[in-house]
Each structure stands twice: as C-alpha cells, then as structure tokens.
Amino acid sequence: LRRVVAASLLDVAVRHGDPFAAQLAAAKPLAANADALKPLEAFAASGVPNAPALCRDLVAIVPKLAPPAPDAETTGSGIVDRLQAGAAKLVRIQRADATGTDRASVVARVTAAALRNDLNEARRELNTLAPADRAAAQAWLDKADARDAALAASRKFASDAMSALATAK
C-alpha cells in the first residue's frame, strides 16, 4: 500500500511538472528496481517540463536553425535596392505550410508546430534535418527525449505498484 501511495504521489507530481525530489526519495526504497526511476532524477528539483514550455524553448532556438540569408550585393545599386537589401536582412517571410524537404521548409514547419505546442510534430520535423543542420537543437531534442523517459518511468512505476497491490493477498 505504501508503494502504491508513493507511486501515485510521484506520478501526480511528475505529470503536473512540480518538483518531486521528496516524492522520489520516498519512492526509491519501495521500488522493486530503483534503476527504473533514474530518468526522473534529472528533473526532480525543477519538475518535468510540459509541452508548451519545451515549445517556447524551441521557438527561441529556431532562428539558429534557419539557413543563412543570401547576401545581396549593394555596391553600385540605387537607394531603393540598398533599402530592399537591408530590409531583407531584417525581415524574413516564410510560408507556415511549407511543403518542401529543404532546410528552410523544414524549419518553417518546426516553427509552426512549436507555435501550436505540438511537441511530437516539432520533434519529428527536426529529426528530418541533417545532423549538422539540427546541431543547434540537439540539446533541446535530448531534453525532450529525457522528458519522455521520465514520464514513462513514472507511469511504469505507478502501474507496477498497482499491479503488485492487485496480486498481493
């Protein structure tokens, strides 16, 4: 019964994104396999980030993923051409429904998914980029994977505790 209560409290804290260091410390001695709770340790002090928080982090990273803008030569051009070239460096317009497989299209879809808080779509699109192109987002991808592992570990611990309670006589 203690294991079920500890697992339930831990799972609730993990799912809500609350810090859960105390719940994790209470659950470890009750776990059949304490190593199964290792994915939770990274987030114990701060809580597991939710999808909108991860997507906000990704939106901040997206400009680093975008391909560099082509440099327009402005020497010998008229004032209008130089203003247009300067404006092109400041403002970049991309379609949100880009359908290509080039880097700019993928980054546009990643941005759109992150703005919709669609974590799975953003991750799937990021993984279609070449490793060198997604290097700026690799830490974010690792954090998203660690989040999934922590959620899965919490769910499994709670499920195993309930199963053990059901079979106990």
Side-chain angles (χ1 to χ4, degrees), residues 10-21 23-25 28 34-77 79-158:
L10 177 64
D11 194 43
V12 167
V14 167
R15 288 176 191 258
H16 282 269
D18 298 333
F20 52 87
Q23 291 91 334
L24 183 60
K28 275 186 179 182
D35 288 340
L37 298 176
K38 284 226 184 270
L40 294 167
E41 292 174 358
F43 299 109
S46 61
V48 176
N50 58 17
L54 280 175
C55 287
R56 278 192 307 272
D57 293 346
L58 181 58
V59 169
I61 296 170
V62 164
K64 297 175 189 172
L65 296 171
D71 290 333
E73 190 169 317
T74 59
T75 58
S77 301
I79 185 80
V80 173
D81 293 333
R82 285 186 291 199
L83 285 173
Q84 187 176 12
K89 290 179 184 175
L90 295 175
V91 177
R92 203 162 210 213
I93 299 172
Q94 293 180 333
R95 290 182 57 116
D97 60 346
T99 56
T101 58
D102 60 301
R103 185 175 172 184
S105 298
V106 171
V107 170
R109 289 192 301 271
V110 166
T111 304
L115 290 173
R116 288 190 316 268
N117 292 330
D118 189 347
L119 186 66
N120 293 328
E121 176 69 19
R123 188 182 328 177
R124 186 172 43 253
E125 289 294 338
L126 273 175
N127 285 325
T128 64
L129 288 173
D133 292 341
R134 72 171 174 250
Q138 192 58 49
W140 183 88
L141 285 167
D142 294 341
K143 188 174 184 179
D145 291 342
R147 172 190 182 267
D148 289 349
L151 290 172
S154 174
R155 259 186 239 116
K156 176 131 177 63
F157 180 60

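Heavy-atom basis, side chains included; hydrogens, waters and symmetry copies ignored.
Judged by distance alone, the side chain of R147 and the main-chain N or O of V48 form no donor-acceptor pair under 3.5 Å.
Scored by the side chain to side chain contact (heavy atoms under 4.5 Å, CB included) test, V12 finds H16 as partners (sequence neighbours excluded). In this view, R15 and D11 satisfy the salt bridge (Lys or Arg N to Asp or Glu O under 4.0 Å) rule, not counting sequence neighbours. Partners of K38 by side chain to side chain contact (heavy atoms under 4.5 Å, CB included), not counting sequence neighbours, listed by chain and number: D35, E41.
Smallest separation of non-hydrogen atoms from P19 and A45: CB-O, 3.3 Å. Shortest non-hydrogen contact noted between F20 and F43 is CE2-O, 3.5 Å. Counting all heavy atoms, side chain and backbone alike, P39 lies closest to A150 at O-CB, 3.7 Å. Minimum interatomic distance between A153 and A36 (heavy atoms only, all atoms of both residues): CB-O, 3.4 Å.
For the pair L10/L40, a side-chain contact is recorded, criterion being any heavy-atom separation below 4.5 Å from C-beta on.
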Output side-chain donor-acceptor pairs under 3.5 Å for residues 124-133, partner residues at least two apart or in another chain, one line each.
unit_1, atom_1, unit_2, atom_2, d
R124, NH2, E121, OE1, 2.3
E125, OE1, R109, NE, 3.1
E125, OE1, R109, NH2, 3.2
E125, OE2, R109, NE, 3.3
N127, ND2, R123, O, 3.2
T128, OG1, E125, O, 2.5
D133, OD1, R103, NH1, 3.4

Between side-chain atoms of residues 53-64 and protein atoms elsewhere (two or more places apart, or another chain), which donor-acceptor pairs fall under 3.5 Å?
none

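To the nearest 0.5 Å, the span separating CG on D18 from OG on S46 amounts to 11.0 Å.
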